[in-house]
Protein chains: 4
Amino acid sequence: MPDSDAEPANRRRRKQARPQELLDAALALFVEKGFAATRAEEVAKQAGVSKGTLYLYYPSKEELLKAVIRHFLSSRITEGVVLAEQHVGSIGDFLRVELAQWWAQLYDNPAAGVFKLVIAEARNFPEIGEFYATEVVQPAHALLAGLIARGAAAGEFRVVDVDSAVHSLVFPLVMACLHRHALAACPGDWRLDGRAFMAQHIDLVLDGLCCRTPLPTPIAVPSPR
Amino acid sequence: MPDSDAEPANRRRRKQARPQELLDAALALFVEKGFAATRAEEVAKQAGVSKGTLYLYYPSKEELLKAVIRHFLSSRITEGVVLAEQHVGSIGDFLRVELAQWWAQLYDNPAAGVFKLVIAEARNFPEIGEFYATEVVQPAHALLAGLIARGAAAGEFRVVDVDSAVHSLVFPLVMACLHRHALAACPGDWRLDGRAFMAQHIDLVLDGLCCRTPLPTPIAVPSPR
Amino acid sequence: MPDSDAEPANRRRRKQARPQELLDAALALFVEKGFAATRAEEVAKQAGVSKGTLYLYYPSKEELLKAVIRHFLSSRITEGVVLAEQHVGSIGDFLRVELAQWWAQLYDNPAAGVFKLVIAEARNFPEIGEFYATEVVQPAHALLAGLIARGAAAGEFRVVDVDSAVHSLVFPLVMACLHRHALAACPGDWRLDGRAFMAQHIDLVLDGLCCRTPLPTPIAVPSPR
Amino acid sequence: MPDSDAEPANRRRRKQARPQELLDAALALFVEKGFAATRAEEVAKQAGVSKGTLYLYYPSKEELLKAVIRHFLSSRITEGVVLAEQHVGSIGDFLRVELAQWWAQLYDNPAAGVFKLVIAEARNFPEIGEFYATEVVQPAHALLAGLIARGAAAGEFRVVDVDSAVHSLVFPLVMACLHRHALAACPGDWRLDGRAFMAQHIDLVLDGLCCRTPLPTPIAVPSPR
DNA sequence: CATGAATGAGACTTCATTCAT
DNA sequence: AATGAATGAAGTCTCATTCAT
């Protein structure tokens with residue numbers, strides 16, 4: 001049967017691609033200039049459409065922001081969780097290899113910019129904070145906490161405060177992404193070799209976690225006057 | 001003495017305090033809502049003055065932002081540098097005690113919000129990025145890098161990539177501040193015991209740096225695909 | 001017969017009905033929400049066609065408005081004129097019976113909404129005012145004025161200012177229609193039995209017109225209390 | 001005592017007059033062009049201020065509309081009620097003289113335009129319909145119904161359906177106002193001597209109400225079709 | 001110095017109209 | 001003929017900034 005199915009043709013193919021194109025454009029601009037300082041028309045222009053078209057796909061600039069965050073966070077995070085669940089073998093190896101690789105890829109991807117967006121906008125848009133906390137932070141934290149606890153149970157790691165260890169591990173990776181889209185993108189050369197840093201950081205933390213000679217007694221930090 | 005002079009005494013005190021009050025108000029609001037989404041009038045109101053008065057002290061909202069960042073960053077950073085320069089004795093002890101304390105105090109101080117501000121606005125306002133990079137990041141980084149290098153030279157630390165080690169040490173501390181003013185300030189209970197985390201994190205990193213048994217050969221991170 | 005022809009039969013019928021369906025939908029919406037506040041797409045949707053199709057039949061929203069007014073006014077008014085011209089016999093009877101019936105029918109018909117439309121839009125669209133004045137008001141007025149004059153000449157009515165009498169007779173009938181599509185359509189129960197009112201109003205006016213005994217000088221009745 | 005009180009000076013005097021000036025401008029334009037078709041900036045311009053100033057006094061165009069209707073309706077209606085309550089003597093006299101005069105004044109006043117506004121916008125803005133119904137229609141109707149009932153009780157008027165009589169009396173007066181701001185304001189000469197018409201209409205209705213020869217049996221209006 | 005009324009550029013959003021399919 | 005995706009002019013409303021008082 002001939003082109004009775006091909007009728008969609010050009011227009012319809014564009015229509016299908018639009019949401020992604022708009023999200024890409026919006027991500028780039030929101031990360032670069034901030035949400036409030038980005039004009040809806042700029043997003044449209046960068047996506048190659050007119051102002052009105054943007055509103056055909058997202059009912060408001062705010063909904064576009066939420067869609068950006070949902071889209072780029074959730075598509076990445078699910079991959080990561082799947083990866084971790086599939087892994088068998090040494091926890092240390094997994095973290096050193098797979099975690100490093102996953103973060104290295106994120107670091108090189110525009111999606112890494114969402115961290116900046118979330119930090120900047122979560123307080124203004126409660127839905128964003130909630131989405132990020134429940135859909136990203138909690139699952140990812142639980143995943144890593146579980147791995148570290150398993151490593152400790154297996155005698156691979158020292159017994160430490162697991163939540164803190166997760167933060168120690170992850171925060172610098174997030175910061176590297178923030179840095180890339182903040183200071184590193186400023187005039188002047190403030191760049192940082194993110195991939196190398198991430199690998200070394202993971203090594204350093206694993207080293208700290210690694211079960212060896214007993215620790216010296218930690219010295220309490222006096223509370224501020 | 002005629003009373004025409006009696007009142008000015010009080011008023012003059014207020015007048016002198018104005019810049020600080022305006023900076024405090026601006027910091028709080030800029031951190032909470034973002035620079036672009038904060039209205040100049042809100043800042044004035046929170047500082048207890050009228051819109052017009054704000055412009056008597058700062059010629060524009062943008063200049064106010066820069067003043068906020070300069071003020072809260074530079075006053076803190078100089079303290080820290082002085083602290084470090086005065087220290088004699090074990091590097092590890094210094095980091096574990098003084099660094100932890102300095103950051104714990106910052107964490108509890110509104111000034112910690114500037115990190116969020118800088119990350120959000122550095123790309124929009126080149127001066128801010130440059131100021132932060134040259135006046136804060138570089139001196140602080142040099143300071144810590146110097147300490148770690150000294151520690152390594154003294155046999156207290158392993159020989160590692162110093163720059164990475166500094167980032168591993170500092171990034172989570174910055175992230176804790178960011179977290180406090182982003183997710184932790186959202187509805188829902190996403191708080192985190194920042195002081196405890198900071199202490200444990202510093203311990204963990206120092207532990208990783210600490211010169212003990214030989215390290216296992218680090219496994220190279222394969223480049224993405 | 002191949003089915004390529006079977007469907008068009010139906011479609012052709014629809015196509016013929018389109019203008020009327022569009023006019024009905026437009027009338028209802030313009031009356032309900034006002035011309036400017038009604039979106040062209042709403043009209044199309046209510047008529048069961050797409051936005052584009054509307055423009056196949058009417059070149060602009062404004063032309064649609066004019067068509068609505070022309071259509072619903074002229075079709076009604078010609079009926080009325082014919083009715084009046086056919087009548088023989090007592091003027092009073094004609095007015096009491098035929099006029100009442102004609103208005104009662106209009107009152108129950110969506111077409112009654114055009115009065116609201118004309119009043120709201122005549123000043124914005126001169127053509128509308130002119131059409132209404134020349135095609136509706138003047139013929140209708142002339143018709144009724146002629147009848148009343150005839151009634152007066154025949155001794156059936158008192159001699160009064162004929163133009164005023166026509167307005168006294170007709171204005172409340174128009175107002176009843178306006179009321180039905182304005183206040184009576186609002187939340188709350190502001191309805192009014194239009195048909196009964198119209199009949200009684202016509203009676204009252206005819207009574208006022210009716211030739212009877214000279215009026216007594218009204219005697220002032222002291223109000224109670 | 002010196003000018004410590006005179007400080008208000010120019011600016012403050014303007015500020016006090018603004019709301020009235022804006023309401024006047026808004027009334028004129030809303031009546032002329034309709035609410036939706038009037039731009040906020042036009043209203044501001046006609047009131048001699050800038051766009052932004054309008055929003056200093058009314059938070060939205062819709063609130064401005066409501067304020068216009070509340071203002072022009074309520075200030076007029078209270079006068080009328082007071083007038084009626086103060087009257088003693090013949091009901092017929094009151095209606096013929098005071099009612100006619102009150103309406104004649106309204107007819108010549110821009111406030112008469114609100115009727116057009118209410119009819120056009122009541123369905124879109126429920127508050128408007130409710131305000132008009134409860135604050136204007138009901139009190140005014142009750143007032144006149146009471147008078148006519150009193151007249152009937154005193155033998156001055158025939159016994160008729162009081163509500164219908166009120167409508168017969170009032171509807172044409174409202175229509176005259178509508179006419180003035182609709183057709184009469186269109187190009188072409190569709191004017192009408194409103195004051196004369198009003199007086200004659202009131203006479204005619206009072207004449208119909210007046211107690212004289214028995215009425216002919218009213219002929220029932222057949223229901224439609 | 002301080003105020004707050006006023007301004008107007010500029011941003012978001014809507015919607016009449018067009019036109020490729 | 002019919003559709004509905006796309007456009008961009010135009011309108012509402014905000015807010016940084018100015019300036020008369």
Side-chain angles (χ1 to χ4, degrees), chain A residues 3 6-16 18 36-44 48-62 64, chain B residues 8 11-12 14-15 18 36-45 48-62 64, chain C residues 8 11-12 14-15 18 36-45 48-62 64, chain D residues 3 6-16 18 36-44 48-62 64:
Chain A
D3 54 20
E7 183 224 358
N10 200 342
R11 200 97 146 224
R12 198 149 327 164
R13 189 157 40 239
R14 298 299 313 271
K15 179 171 165 61
Q16 273 213 323
R18 282 283 146 74
T38 300
R39 290 172 18 210
E41 192 166 12
E42 290 178 287
V43 175
V49 298
S50 74
K51 206 179 357 173
T53 301
L54 169 60
Y55 286 88
L56 249 34
Y57 293 87
Y58 300 95
S60 70
K61 202 179 135 187
E62 188 178 324
L64 176 61
Chain B
R11 212 192 270 174
R12 206 173 306 140
R14 300 265 351 244
K15 205 183 302 180
R18 281 285 155 71
T38 299
R39 290 163 28 196
E41 191 168 12
E42 288 178 287
V43 175
K45 191 179 172 188
V49 298
S50 76
K51 212 177 353 177
T53 302
L54 169 61
Y55 282 86
L56 251 32
Y57 291 87
Y58 300 95
S60 73
K61 200 177 132 184
E62 189 177 327
L64 176 60
Chain C
R11 212 192 270 172
R12 206 173 307 140
R14 301 265 350 244
K15 204 183 305 177
R18 281 285 153 72
T38 299
R39 290 163 28 197
E41 193 167 11
E42 288 178 286
V43 175
K45 192 179 171 187
V49 298
S50 75
K51 211 178 352 177
T53 303
L54 169 61
Y55 283 86
L56 253 30
Y57 291 87
Y58 299 96
S60 73
K61 200 176 133 185
E62 188 177 326
L64 176 61
Chain D
D3 53 20
E7 182 224 359
N10 199 341
R11 199 95 146 226
R12 197 144 334 160
R13 189 157 41 239
R14 297 299 313 273
K15 181 170 163 60
Q16 273 213 322
R18 282 284 146 74
T38 300
R39 288 168 25 206
E41 194 165 12
E42 290 178 287
V43 175
V49 297
S50 75
K51 203 181 4 171
T53 301
L54 170 60
Y55 286 89
L56 249 34
Y57 292 87
Y58 299 95
S60 71
K61 201 179 135 186
E62 189 177 325
L64 175 61

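Just so it is clear, the values below take in all heavy atoms, side chains as well, and ignore hydrogens, waters and symmetry mates. Chain A is the first sequence line, chain B the second, and so forth, proteins listed ahead of strands; every chain is numbered from 1.
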Next on the checklist: Check this one for me: any side-chain N or O of B:Y57 less than 4.0 Å away from OP1 or OP2 of E:dA2?
Outcome noted: yes

Checklist outcome for this item: Assert: residue with more 5' nearest nucleotide on DNA chain E, out of A:E62 and D:K15, is D:K15

Item to check | Length of the CG-P vector between B:L64 and F:dT17, whole Å | outcome: 10 Å

Checklist outcome for this item: Here the distance between atom C1' of E:dT3 and atom CG of B:L54, to the nearest Å, is 13 Å

Item to check | For atom OH of B:Y55 and atom C1' of E:dA5, their distance in whole Å | outcome: 15 Å

Checklist entry - Between E:dT3 and B:S50, is there an OP1 or OP2 to side-chain N/O distance shorter than 4.0 Å? => result yes

Checklist outcome for this item: Smallest heavy-atom separation, A:A36 atom then B:A37 atom, equals CB-N, 4.3 Å

Item to check | Rounded distance in Å - CD (A:Q16) to C1' (F:dG4) | outcome: 15 Å

Checklist outcome for this item: Here the distance between atom P of E:dA20 and atom CZ of A:R14, to the nearest Å, is 15 Å

Checklist entry - Does some side-chain heavy atom of B:R18 sit less than 4.5 Å from a side-chain heavy atom of B:T53? => result yes

Checklist outcome for this item: C:K61 has its side chain closest, among E:dA16, F:dT14, E:dT14, to E:dA16

Item to check | Residue A:L56, side-chain heavy atoms: nucleotide from F:dT7, F:dA9, E:dG4 that is nearest | outcome: F:dT7

Item to check | Atom-to-atom span, CD of B:E41 to C1' of E:dA5 - whole angstrom | outcome: 11 Å

Checklist entry - With both distances under 3.5 Å as the test, what is the Watson-Crick or G-U wobble partner of F:dA9? => result E:dT14

Next on the checklist: Could you tell me the Watson-Crick or G-U partner of F:dC19, where both distances fall under 3.5 Å? Say none if there is no partner.
Outcome noted: E:dG4

Checklist entry - How close do A:Y55 and A:S60 get, heavy atom to heavy atom, and via which atoms? => result CE2-CA, 3.9 Å

Checklist entry - Rounded to the nearest Å, what distance is computed from the CZ atom of residue D:R18 to the P atom of nucleotide E:dA5? => result 11 Å

Next on the checklist: Can you give me the closest heavy-atom contact between A:A44 and A:L54, atom names plus distance?
Outcome noted: CB-CB, 4.3 Å

Checklist entry - So how far is it from B:K45 NZ to B:S50 OG, rounded to the nearest 0.5 Å? => result 13.0 Å

Item to check | Residue whose nearest DNA chain F nucleotide is more 5′ - A:G48 or B:A40 | outcome: A:G48

Next on the checklist: Can you measure C:K51 atom NZ to E:dT18 atom C1' for me and round it to whole angstrom units?
Outcome noted: 10 Å

